[in-house]
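For reference, the structure discussed in these notes is given below.
Counting convention: from 1, in listed order, for ligands and their atoms alike. In this text, all values refer to a predicted model and were calculated from it rather than measured experimentally.
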Amino acid sequence: MSSTFSLDPGADQLAVRDWLHGFAADVIRPAAAEWDEREETPWPIIQEAAKLGIYSLDFYAQQYFDPSGVGIPIAMEELFWGDAGIGLSIVGTTLAAVAVLANGTDEQIGTWTPQMFGTPDDVKVAAFCSSEPDAGSDVGALRTRAVYDEAKDEWVLNGTKTWATNGGIAAVHVVVASVDPDLGTRGHASFVVPPGTPGLRQGQKFKKHGIRASHTAEVVLDGVRVPGSCLLGGKEKLDERLARAREGVKRAGGRGNAAMATFEASRPAVGAQAIGIARAAYEVALDYAKTREQFGRPIIDNQGVAFQLADMKTRIDAARLLVWRASWMAVNNQPFTAAEGSMSKLYAGETAKFVTAQAMQILGGNGFTREYPVERMHRDSAIYSIFEGTSEIQRLVIARAISGMPIR
Ligand SMILES: Cc1cc2nc3c(=O)[nH]c(=O)nc-3n(C[C@H](O)[C@H](O)[C@H](O)COP(=O)(O)OP(=O)(O)OC[C@H]3O[C@@H](n4cnc5c(N)ncnc54)[C@H](O)[C@@H]3O)c2cc1C
């Protein structure tokens, strides 16, 4: 590994961290309980973030290309320290943006990414739609079909997507579909569905256990027609890829299909979100343990409680080190030979669940009520072993990477 890896993010990055922390503390945290109860997208807060430049592609691009390599994890940790549901409402668009950045042509990037964010006066969100009712962890099972209508140079999409963050309320949807079901994941391609396209509609909106301010819904695609230019990467590239797949030639590096490439690039960032939740719950618990008195002394005077806090802090710091390493590796094009991106998401997600559960315990009865934020943080943490690949799937990816064996 290069000697440029440093645990000092540098003055610029620390200034960004402090600025985001201020926004999280002053704007996000005070609104968290309300939007959790409302279970609605917090548009006014997204708009405020847009006005400050926090909700924009430029901001995320700047963080991604920060030479420290840890710009994105630092930003995610601070926003999600504020609140995970609102945090996801602010950053959910980036999953679709990353799909276009990773697979699109320069022209597609220039056309679609600005429309995903809108403007500070008219904010928009975007959705990335891969999961289906029968294709969650098993992405290869997806049934949404894209058929090319050569006469019109249009693609016709049919299928039902589920669990889409911002699904149905997004201006731009990025949809993963099969263009050749015989090829499994190698027959997948990603399509942009422009704003207002007929045939795309929101199905069921889910009522969730946590991250309730973030909108999650089914997206139904019924004869959706998009121009040929909406195929990410273009037809020529797709035809070449399909020809190679049909000949049974593996792509160099074997990075799999478009959807998997998108997930792989975003895993350390998702781990950083989990760390934000964990750190928030730990801070509440530490403060509470120092002030809550039982048996005539603060409860932290008991080793049993103090050791819980010591474990919480240790695991948060260990998770952050894994996330920063993976993020630095991604920015510096280091090969993920041991699936370090998946490792970081696995450990950070499990840490958030562990830490928030411990925090509830330390707050006793108060921890179990909505008067204190750890109850919400505990609910929010649960998604971090499920989305962007469950913890089991992360373990599968790591096990395959370290063994070179087709572990099932
Ligand atoms: C709030 C929320 C937001 C989401 N946002 C998006 C989004 O924006 N876009 C999108 O495309 N998707 C999104 N998802 C979908 C998410 O990525 C899937 O829920 C996730 O991949 C798991 O799929 P599943 O729910 O079908 O579970 P399943 O795949 O059915 O898994 C069920 C259980 O079986 C286990 N399991 C499955 N296969 C194996 C195996 N081979 N070995 C060991 N264990 C296994 C899993 O780990 C899990 O515990 C979101 C989901 C939620 C809940």
Side-chain angles (χ1 to χ4, degrees), residues 36 39-41 80 84-100 102-103 116 125-144 159-170 172-178 185 188 190-191 193 202-221 257-267 269-271 273-274 277 339 342 345-346 349-350 352-353 379-400 405-408:
D36 174 58
E39 301 196 41
E40 286 170 9
T41 300
F80 283 69
I86 296 176
L88 194 62
S89 296
I90 293 173
V91 308
T93 295
T94 58
L95 194 57
V98 166
V100 174
N103 305 300
M116 291 180 168
V125 292
F128 177 71
C129 310
S130 172
S131 302
E132 296 183 4
D134 293 323
S137 302
D138 183 7
V139 179
L142 69 79
R143 286 209 283 252
T144 296
T160 300
K161 294 292 179 183
T162 194
W163 307 124
T165 299
N166 296 336
I169 62 165
V172 176
H173 292 75
V174 175
V175 172
V176 183
S178 174
T185 55
H188 291 179
S190 297
F191 298 85
V193 180
Q202 181 184 305
Q204 181 190 0
K205 178 188 170 185
F206 295 104
K207 288 181 83 68
K208 305 194 299 295
H209 175 70
I211 53 163
R212 300 196 304 181
S214 170
H215 172 102
T216 316
E218 287 176 338
V219 173
V220 180
L221 302 146
N257 61 73
M260 289 312 288
T262 304
F263 282 133
E264 190 55 39
S266 55
R267 276 180 183 155
V270 176
Q273 298 170 5
I277 303 172
S342 296
K345 195 267 174 179
L346 167 64
E350 293 296 332
K353 289 173 68 172
R379 284 188 285 109
D380 290 346
S381 73
I383 193 60
Y384 285 86
S385 63
I386 298 173
F387 69 6
E388 289 278 321
T390 66
S391 285
E392 291 73 28
I393 294 302
Q394 310 299 339
R395 291 186 179 99
L396 198 65
V397 173
I398 298 163
R400 285 178 181 159
M405 304 285 285
I407 314 282
R408 300 184 59 207

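Atoms of ligand 1 found under 4.0 Å from any heavy atom of I211, numbered from 1 in the order shown, are 1 (C). Within ligand 1, counting atoms from 1 as listed, the ones closer than 4.0 Å to a heavy atom of K208 are 1 (C). Close approach of ligand 1 to E388 is summarised as follows: ligand atoms under 4.0 Å from at least one heavy atom of the residue are 17 (O).
Distances between N or O atoms of F387 and those of ligand 1 include no value under 3.5 Å. The shortest N/O to N/O separation between E392 and ligand 1 falls below 3.5 Å.
If you look at T216 next to ligand 1, the close heavy atoms, those under 4.0 Å, all belong to the side chain.
Heavy-atom proximity to atom 20 (C) of ligand 1, evaluated over I386, T162, D134, D138, is greatest for I386. For atom 19 (O) of ligand 1, the candidate residues are F206, W163, F128; the nearest heavy-atom contact is made by W163. The closest heavy-atom contact to atom 53 (C) of ligand 1, among the options V174, I383, V175, comes from I383. The closest non-hydrogen atom to atom 47 (O) of ligand 1, taken over L88, N166, V219, T390, comes from T390.
Donor-acceptor pairing under 3.5 Å is recorded for the side chains of E132 and T144.
Put simply, the side chain of K208 gets close to the backbone of S214: a donor and an acceptor are under 3.5 Å apart. Side-chain N or O atoms of R267 include one that pairs as donor or acceptor with a backbone N or O of E388 at under 3.5 Å. Distance alone, capped at 3.5 Å, places no donor-acceptor pair between the D380 side chain and the G210 backbone.
Remark: F387 CZ to L95 CG distance equals 9.0 Å, nearest 0.5 Å.
Checked against side chain to side chain contact (heavy atoms under 4.5 Å, CB included), I386 has the following partners two or more places apart in sequence or in another chain: I383.
Scanning both residues, H215 and G167, for their nearest heavy atoms gives NE2-O, 2.8 Å.
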